[in-house]
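Source: prediction; values computed, not measured.
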Amino acid sequence: MGADTFSDEAVIDLGLERGEPETYHRPGRRTVPLWFGPALVAVLMLLTVGTSAPAPPPPMSEVLRVPIGPGDPYTINDGRLLVQSAGVLSSYRLSDGSRDWRVTQPEPVYRLRTAHGLLLLRPWTVRGAEHGTTGISLADGARQWHHDLNVVAFAGSPLFFGVEGVRSSSNSGRRVQNTVEVVEPAIGLARWRVAVPNTAVLLSVPGEDGPARVMLVRDDQVADLYDVSTGAHLASRKLPMADYDPENPVAIGDTILLRHPGADGNEVSAYDAATLRPLWTVPAAGTQRIRSCGELACLAGRDGIRAVETATGEQRWRQPWWRSIEKYGTSFIAYAATSTGTDQPVAVADPSTGQVMADLTGWHPVPGSSEDGELLVTREIDPGPRTMVAVVTPGLERPRLFAELPEGTGDCQATADRLVCRSMYDELIVREYRARNGAV
């Protein structure tokens with residue numbers, strides 16, 4: 001579907017379908033019952049009370065404004081707004097805009113990462129120098145520990161990982177080298193470590209059928225699987241030659257999938273996430289990336305998207321016009337190529353069937369989460385441009401427009417009832433939104 005259009009013509013239907021009689025005549029004189037007067041007064045009183053009821057609240061209202069520089073980072077975590085600006089790190093409550101804590105933090109950081117009740121601060125690196133990672137308590141802003149490596153968190157893993165990225169002029173951060181340390185979140189010390197003689201790719205394997213695991217794929221294509229909590233070596237296997245990076249291989253459910261060259265073109269092979277036992281291999285010409293589609297694996301690329309069973313490789317559905325699929329909150333957003341060569345959101349997709357649940361043409365999803373599976377989306381409309389906000393609700397085929405943002409608004413994140421965006425005046429503005437009550 002294209003952009004929203006609105007008609008200037010109003011059609012007023014006074015036909016027979018509304019129950020009007022075919023002809024009108026002057027009614028004869030009738031005797032007015034004695035009860036009619038008091039009844040009329042009661043009706044008028046009810047109408048007066050109804051019309052004097054307070055108007056419904058606006059669909060969006062401002063809660064908080066926070067100064068922030070153009071390059072300063074912010075993030076949302078568990079009802080908090082965390083902002084680093086002008087050498088100060090602050091935490092605000094999204095519910096009422098009150099400030100929880102404020103601490104001096106002079107080192108510039110390029111983003112704010114949160115996990116396990118901590119804020120992980122990694123300063124900008126200069127000429128490849130490692131400055132390590134500092135763990136800050138989300139509860140009060142107190143410094144908990146400092147680690148000499150880049151400390152990262154993986155979804156589904158109970159521990160952090162300290163890694164040293166491969167320094168190069170391109171593909172920075174795609175591989176690790178020297179040592180990988182598994183770090184205790186509470187104290188910042190290594191529980192166990194493993195040597196990486198050359199370079200390797202590190203992959204988290206959450207382990208739905210057992211403990212959380214981590215896999216290291218070394219330069220010689222040998223993959224080693226470890227128990228995250230204990231460091232126990234679980235399995236080892238030589239894998240095919242491939243373009244190994246943080247997006248290849250990927251772990252989906254109890255399966256590890258690898259995109260690699262085959263005898264007749266690209267292939268995708270699957271391995272058991274607990275033993276690295278080979279499961280299946282399918283042709284994958286044109287596949288450029290593998291994405292999780294719920295319980296399925298989506299093989300995406302220039303020839304469209306194919307969703308396959310992770311246990312067998314059997315195809316479940318195909319969409320030839322889509323190029324990629326990403327998850328936002330609980331929604332899966334499909335992307336298609338445009339005339340400019342860029343991929344743009346086109347639909348909210350059902351990952352189990354590939355069906356279009358809602359048309360997103362012209363709209364862009366807002367990172368974060370809404371309630372009951374809803375998704376906030378925005379679009380710019382000339383002149384201005386104006387930024388319109390809508391909500392995608394399960395069961396509706398199109399977004400419901402409910403508010404407009406001021407000119408110069410962007411870089412937004414959402415929670416179940418808050419929308420946080422940068423303004424052109426170097427401010428973060430927190431707004432409460434009521435998508436359901438304010439829908440138009």
Taking the six-membered ring for Trp, are W192 and Y226 parallel (under 30°), tilted (30 to 60°) or perpendicular (over 60°)?
tilted
Could R291 and E247 be called an ion pair, given the rule that one side-chain N must be under 4.0 Å from one carboxylate O?
yes
I'd like to know if the side chain of E107 pairs up with that of H131 as donor and acceptor (distance under 3.5 Å, no hydrogens or angles considered).
no
Mind checking the CZ-OG1 spacing from R379 to T361? Nearest 0.5 Å is all I need.
8.5 Å
Side chains of L375 and W363 in contact at under 4.5 Å (non-hydrogen atoms)
no
State, yes or no, whether a side-chain contact exists between L279 and Y271 at a heavy-atom distance under 4.5 Å.
no
Is there side-chain contact between I429 and S423, with heavy atoms separated by less than 4.5 Å?
yes
Here the gap from L203 atom CG to M215 atom CE, rounded to the nearest 0.5 Å, amounts to 4.5 Å
Are the side chain of Q84 and the backbone N or O of Q105 linked by a donor-acceptor pair below 3.5 Å?
yes
Is D224 paired with R237 through a side-chain N to carboxylate O contact shorter than 4.0 Å?
no
Ignoring hydrogens and angles, state whether a donor on the side chain of Q355 or D350 is under 3.5 Å from an acceptor on the partner side chain.
no
Between the side chain of R400 and the main-chain N/O of A390, is any donor-acceptor distance below 3.5 Å?
no
Treating Q319 as the side-chain partner and A307 as the backbone partner, does any N or O pair qualify as donor plus acceptor under 3.5 Å?
no
Should the pair R431-E62 be classified as a salt bridge under the 4.0 Å nitrogen-to-oxygen rule?
no
In the structure I gave you, are the side-chain heavy atoms of R99 and S90 within less than 4.5 Å of one another anywhere?
yes
Is there a side-chain contact between V366 and Y328, using heavy atoms and a 4.5 Å cut-off?
no
Would you say the side-chain atoms of T133 and H146 include a donor-acceptor pair closer than 3.5 Å?
no
Donor-acceptor pair, distance only, cut-off 3.5 Å: does the side chain of T409 make one with the backbone of P406?
yes
For D227 and R213, run salt bridge (Lys or Arg N to Asp or Glu O under 4.0 Å): C-alpha distance rounded to whole Å, both residues' side-chain angles, the deciding distance at 0.1 Å, then the answer.
CA-CA 5 Å; D227 184 304; R213 299 177 282 266; over 6 Å; no
Heavy-atom donor-acceptor pair, W101 side chain to L138 backbone, under 3.5 Å
yes
Residue from V180, V166, T179 passing side chain to side chain contact (heavy atoms under 4.5 Å, CB included) with V196
V180
Determine the interplanar angle of the Y433 and F402 rings, folded into 0 to 90°, and report it as parallel if under 30°, tilted if 30 to 60°, perpendicular if over 60°.
tilted
Under the 3.5 angstrom rule, does the side chain of Q177 hit a backbone N or O of G165 as a donor-acceptor pair?
yes
Just wondering, do Q144 and P185 contact through their side chains at under 4.5 Å, heavy atoms?
no
Do the charged groups of D219 and R175 touch, with an N to O distance under 4.0 Å?
yes
Using side chain to side chain contact (heavy atoms under 4.5 Å, CB included), reason through L118 and F160 one step at a time and then give a plain yes or no.
CA-CA 11 Å; L118 293 173; F160 290 140; 3.8 Å; yes
Measuring from atom CD of E164 to atom CG of N178, what distance do you get when rounded to the nearest 0.5 angstrom?
4.5 Å
Electrostatic pair E309-R316, nearest N-O below 4.0 angstrom:
yes
